[in-house]
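Reminder, nothing fancy here: chain letters follow the sequence lines and each chain counts from 1. Because only heavy atoms are used, hydrogens play no part in the values below, and waters and symmetry mates are left out as well, while side chains stay in.
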Amino acid sequence: MTDIKDSVIEAGREGESGGPDHLERYNASVVESKWRARWEADDLYRVDDADPRPKWYSLTMYPYPSGTLHVGHWYAFSVPDVYARLQRMRGFNVLFPMGFDAFGLPAENAAIRHGIHPATWTSENIEGMRQQYRQMGAMIDWSRDVVTCAPEYYRWNQWLFLKMLERGLAYRANGSVWWCPNDQTVLANEQVLEGNICERCGASVSKRDLEQWYFRITHYAEELLHNTEALDWPERVKIMQRNWIGRSEGARLSFSLETGDLLEVFTTRPDTVWGATFMVLAPEHPLVEKITSDQQRTAVQAYVEQARRQTDIERMSTDVSRPKSGVFTGGYAVNPVTDERIPVWIADYVLMGYGTGAIMAVPAHDERDFAFARAFDLPVRVVIQPEQAATLEPGTMEQAYHGPGRLVNSGPVDGTPVPSGIPSVIDWLEERGRGQREVNYRLRDWLISRQRYWGTPIPVVYCDACGMVPVPEDQLPVILPLDAAFEPTGQSPLTTNEGFLRTTCPSCGAAAKRETDTMDTFVDSSWYWFRYTSPHDDRLPFDPAAAAAWCPVDLYCGGIEHAILHLLYARFFTKVCRDIGLIDHGEPFLRLRNQGMILSEEGTKMSKSRGTQVAPDDLVAAHGADALRLHLMYLGPWDQGGPWNSRGIVGMERLIRTVFQIAVETAGNGLDGADPDAEAALRRLTHRTIERVTTDLDDFQFNTMVAALYEFTNELRRQKDTPVARTRSWREAVETLVLLMAPSTPYVAEELWERLGKPYSVHSQSWPVFDPDLAREQFVELVVQVNGKVRDKLTVPAAISEERARELALASDRVQEFVNGKEPLRFIYVPGRLANIVVR
RNA sequence: GCCGGAGUGGCGAAAUGGCAGACGCAGCGCACUCAAAAUGCGCCGGGUAACACCAUGGGGGUUCGAAUCCCCCCUCCGGCACCA
């Protein structure tokens, strides 16, 4: 940290190079280091749970400790800090905490590449980043910070896992996952390159069925979907979540197979079942093996093998250029309403992960089924006829028809209008036991196991006698061993760590082996905000009383990139915590605001490896943290982000210098001036500025808020050498300006507040109150238009009547020129703003 | 393909039915200075001698009046993508 100077005045004079007067100049580094030290010494930002004021929980997404902060981190954290400071000045007891999302792959990669232990790498990064956050001037209570790779934290991941296991919300199941035969490990989807190549070794990879751990998030699908309505979140985030959950209403129908098995399908169009002319199974469907005839076996096996090798992206592509593929199994099913024998095919356009992994194909009314039927010359039967358009003919149709119409060729339900009559068709099917209503979700259960080292160990052991046994709560945490051997084998070091692996069965005491999978790091971030409310609790993940006092979070800020996964998982965990009785609310974040991404100057994503990251440190050294904070707010709308540009920051420094100058001069001035007109005008401006700054902050329009500060400052600068600068109204104006700037520029505001002779700390003052009477203008500029074009501007009393405005407007020479003697047809009047005379 | 968001001076932008370009950056001129920096004053979309006029991605429409509302199209960014 920078040395603390005893006297800012003395230090300031060193840098003086002769301004227009003999006052000192603003020196950012001196001011900032002075107040940083003072605030830390006084614990100004310590949050007291017992504080009786109303609470405000302002949360910002915690960072991954990747090494150093770049301006994007500042953008994400210093701007919400401005709002948190506003709330503090408004009288709230504000919790604005900070922590580190400290487990994850980059630490492990650093270990493999550079031989540094992930724990060392992570804690060094965290220490450096804490120092950088201190520079920013954010009001963080560091005594509450949370580091997720600490056993004191991750033991509660394990505790929550056990609770979920008890309730059937955590389970183990076979999953189809990518497997690299060379590295002998499972890969995440993102680690499989195009062409099914392993990202690390280049080997050809394929899917394999392996036991994995899942969280049953689908249990809450309906609530997760439904609750989105009430949340004050950006609409696009809510839409993304709804699409991700993907609710579909329809029915489950059973088709019998010749093998004696029942083949269940989910369909959103049970009304079209009379038009089902074949069935399609996903290649991984469990009945494929059984239904395949000897004659077709070779072809089916070859197809299944080929499907496994495709990436999900290739497989799910709707690219029209990619023809439908598939193979006939040789087996047949019976259509439950027509009793017809229909062929069963397998095709990769049917996904095992949705519905039942099998469909009834209705080629006349589903475009995918239609394409498949045409490719393999399968029968098409029309069961919906549109009422207006030409009659559909199976032989000549060029595409599936899924518009409205009436059912035909559908026996007992012929003539039913669709889609309006679909429910009655489902009733018909239910009454006869041919199917039931069902709702399906696109949302899948959350696969949480990772074959990685740097994460939370999953707290179960495997015993030959007892099978899978949960680690008892009183034996938590299961510590991640630090003596791990990092070899670039692609295998988790846990699989070869004997000390970790060998244990005894908690149930029978026999030798047993530990689970070596660790948890997805999204688990860590799914409940961390609760931990901030009681970061040192050693009895539970968090103290229920503290969580009840602070939660739910009033305002959550973060990047749009977390619109789906993190926010959905966090909502899921909140519901789980509620259901196990830790809290009584179901939604964690009442209000969400997203910042845009700061790109490099070239408009590309800031990347450490490409060297396009912009470091805040040099900018702080050159211009000060306050100027950088303002600059980030002023770049443009906060939710939009955009390319970084360091040119404008000098303007922010100029603004601060000007305010500094005005405040220092004001502090030295006597109160002996008087100028009633000028004072009234000044107070109008002061109160209009309070209003603009306040509403802009509440609307998260930080750029226009800064513009309002500029306009106010510019006006004060113009008047500072006039008599009004020695009046009480001037004092009010300058003190108000300092208060309005306190959230944005916490350091210089504190300095100026002190120089104005006001009591420490500016950050504990009340936010200025806007007085509408003082802000009201006496005169306004009335724009006068003729036929919608501006022809004159008149200064008129603010309270002018429409009648009088009309007289004045018509009397204007400029207006007369364009009216040109014609009789006005209409007169449109917007009070206090505009008059429009219409002539023809 | 579907669903969002955006397109305005040299640049970042403001204005969400009522003066297009607030505010800032850059630039230009002037003052101060031996000079430069800093600071201050002025100019700063196109067009004209000055007006008129033209101008918010393109085209149409609604309206007394449109950057803003409606229809069609183009471009860029984000999300989803055979979900039965």
inquiry  = Between A:Tyr634 and B:G24, is there a contact of a side-chain N or O with OP1 or OP2 at under 4.0 Å?
reply    = no
remark   = Nearest-nucleotide check on RNA chain B, A:Arg791 vs A:Arg826; residue mapping nearer the 5' end is A:Arg791
query = Think A:Thr704 has a side-chain N or O under 4.0 angstrom from the OP1 or OP2 of B:C23?
reply = no
message = Both A:Ser248 and A:Arg718 contact RNA chain B. Taking the nearest nucleotide for each, which residue is further toward the 5' end?
response = A:Arg718
task = Using a 4.0 Å heavy-atom cut-off across all strands, classify A:Pro637 as base, sugar-phosphate, or nothing.
result = sugar-phosphate
query = Taking only N and O in the side chain of A:Arg654, is any of them less than 4.0 Å away from OP1 or OP2 of B:A26?
reply = yes
request  = Decide yes or no, distance alone: a donor-acceptor N/O pair under 3.5 angstrom between the base of B:C64 and the side-chain of A:Gln785.
outcome  = no
task = For A:Asp696 and A:Thr694, test the side chains for any donor-to-acceptor distance below 3.5 angstrom and give the result as yes or no.
result = no
key: Side-chain N,O (A:Asn787) to OP1/OP2 (B:G65) below 4.0 Å   = no
ask   = Contact class for A:Gly651 (heavy atom, under 4.0 Å): base, sugar-phosphate, or nothing?
value = sugar-phosphate
query = Between A:Ser325 and A:Tyr303, does any side-chain donor sit less than 3.5 Å from a side-chain acceptor?
reply = yes
inquiry  = Can you confirm whether the side chains of A:Thr228 and A:Arg242 place a donor and an acceptor under 3.5 Å from each other?
reply    = yes
message = Any donor-acceptor pair, under 3.5 Å, between the side chain of A:Gln640 and the base of B:G5, if you only look at N and O atoms?
response = no
message = So, OP1 or OP2 of B:G40: does either fall under 4.0 Å of a side-chain N or O from A:Arg717?
response = yes
